[in-house]
Amino acid sequence: MTTPRDPEVTAAREFAGDADGLQRLWTPHRMAYIGGEAKPADSTSHHCPFCAAASERGEEHDRAHLVVKRGQNALVICNLYPYNSGHLLVCSNRHVADYTELTTVERDEIALLTQQAMAVLRAVMGPHGFNLGMNQGEVAGAGIAAHLHQHVVPRWSGDANFFPIVAQTKAVPQLLADTRRLLADTWDQATATVSSNESEKS
Ligand SMILES: [Zn+2]
């Protein structure tokens, strides 16, 4: 398998460190979402990347859409345009814009997945803190305002100094694939102590 070269993208092997020799699934056309020219043309669910991610299941689909974890009514994906390593988005499966439109079941599952996402990121990346939150409406900075999503952004001491560099990093897709796999593989083990609706009932 050859790796298609995009002049905007730097191959992972050109980064510092030892290449591991693994070949990457590299499907930029399927990963294109959030922000810039990849932003959906309209606000319907037709062009919504979160709806696309939620629409099907399966390992290949999850890889292509950067799905880390699925619940019954919500899912966790890697942000294609991360502010920081491990930047996750917790989305409802349903295409709704406003937090007040969520059912209590959806709201609770997004809250639970947010807790679990923090636990997984702590286990895998050891961040010193987090930014959590939702941008509601384009005026508030939402890249995809029509489908609500909670940001889970791990933070490290001093990382604000390299945020502008991170923003210009061009090799994110390959790194994102690795991050997604690592977080997905660690999820169940790292969240064993995070309370779930099920365990609270028992
Ligand atoms: Zn949607």
Side-chain angles (χ1 to χ4, degrees), residues 25-118 120-121 130-154 167 172-184 187 191 194 196-197:
L25 182 68
W26 168 227
T27 53
H29 55 292
R30 300 173 72 178
M31 287 181 171
Y33 56 82
I34 313 183
E37 71 285 356
K39 204 171 159 181
D42 60 44
S43 61
T44 66
S45 56
H46 275 312
H47 296 98
C48 175
F50 302 145
C51 285
S55 65
E56 287 179 43
R57 288 171 183 259
E59 183 57 32
E60 191 184 339
H61 181 83
D62 286 356
R63 261 203 312 269
H65 291 84
L66 297 176
V67 175
V68 174
K69 178 67 180 177
R70 290 177 184 279
Q72 292 296 312
N73 305 282
L75 74 168
V76 182
I77 63 177
C78 291
N79 190 344
L80 185 55
Y81 296 92
Y83 299 146
N84 224 350
S85 286
H87 181 171
L88 298 177
L89 303 174
V90 185
C91 313
S92 54
N93 287 353
R94 222 158 44 93
H95 186 82
V96 293
D98 201 276
Y99 193 57
T100 62
E101 296 177 72
L102 291 177
T103 66
T104 53
V105 171
E106 289 169 330
R107 182 200 64 196
D108 290 350
E109 189 163 43
I110 287 171
L112 175 63
L113 288 172
T114 300
Q115 286 184 325
Q116 293 182 339
M118 290 176 63
V120 173
L121 289 167
F130 292 91
N131 290 113
L132 303 177
M134 291 185 199
N135 300 326
Q136 290 276 274
E138 284 186 26
V139 70
I144 297 178
H147 193 143
L148 72 82
H149 48 282
Q150 162 116 296
H151 294 264
V152 180
V153 185
V172 196
Q174 281 96 337
L175 301 179
L176 278 175
D178 292 342
T179 301
R180 186 208 76 86
R181 187 182 55 193
L182 186 59
L183 295 175
W187 195 279
T191 59
V194 176
S196 70
N197 294 335

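Positions are given from 1 along the sequence. When a ligand or atom number is given, it counts from 1 through the structure's own listing order. Values reported hereafter were calculated over all heavy atoms of this structure, with side chains retained and with hydrogens, waters and symmetry mates removed.
- Side-chain contact between N79 and H149: absent, with no pair of heavy atoms (C-beta onward) separated by less than 4.5 Å.
- Atom CD of E59 has more than 12 heavy atoms from other residues, nucleotides or ligands within 6.0 Å.
- Each of V76, I77, T114, L113 was scored for a side-chain contact (heavy atoms from CB on, under 4.5 Å) with L88, with one residue passing: V76.
- Counting only distance, with no hydrogens or angles, the side chain of E106 and the backbone of S92 share no donor-acceptor pair below 3.5 Å.
- H87 meets the ring pair (Phe, Tyr, Trp, His ring centres under 6.0 Å) test with Y83, H151; sequence neighbours excluded.
- The set of protein atoms (N, O or S) found at less than 2.8 Å from the Zn ion (ligand 1) reads C48 SG, C51 SG, H95 ND1, H147 ND1, by chain and number.
- Judged by distance alone, the side chain of H61 and the main-chain N or O of A52 form a donor-acceptor pair under 3.5 Å.
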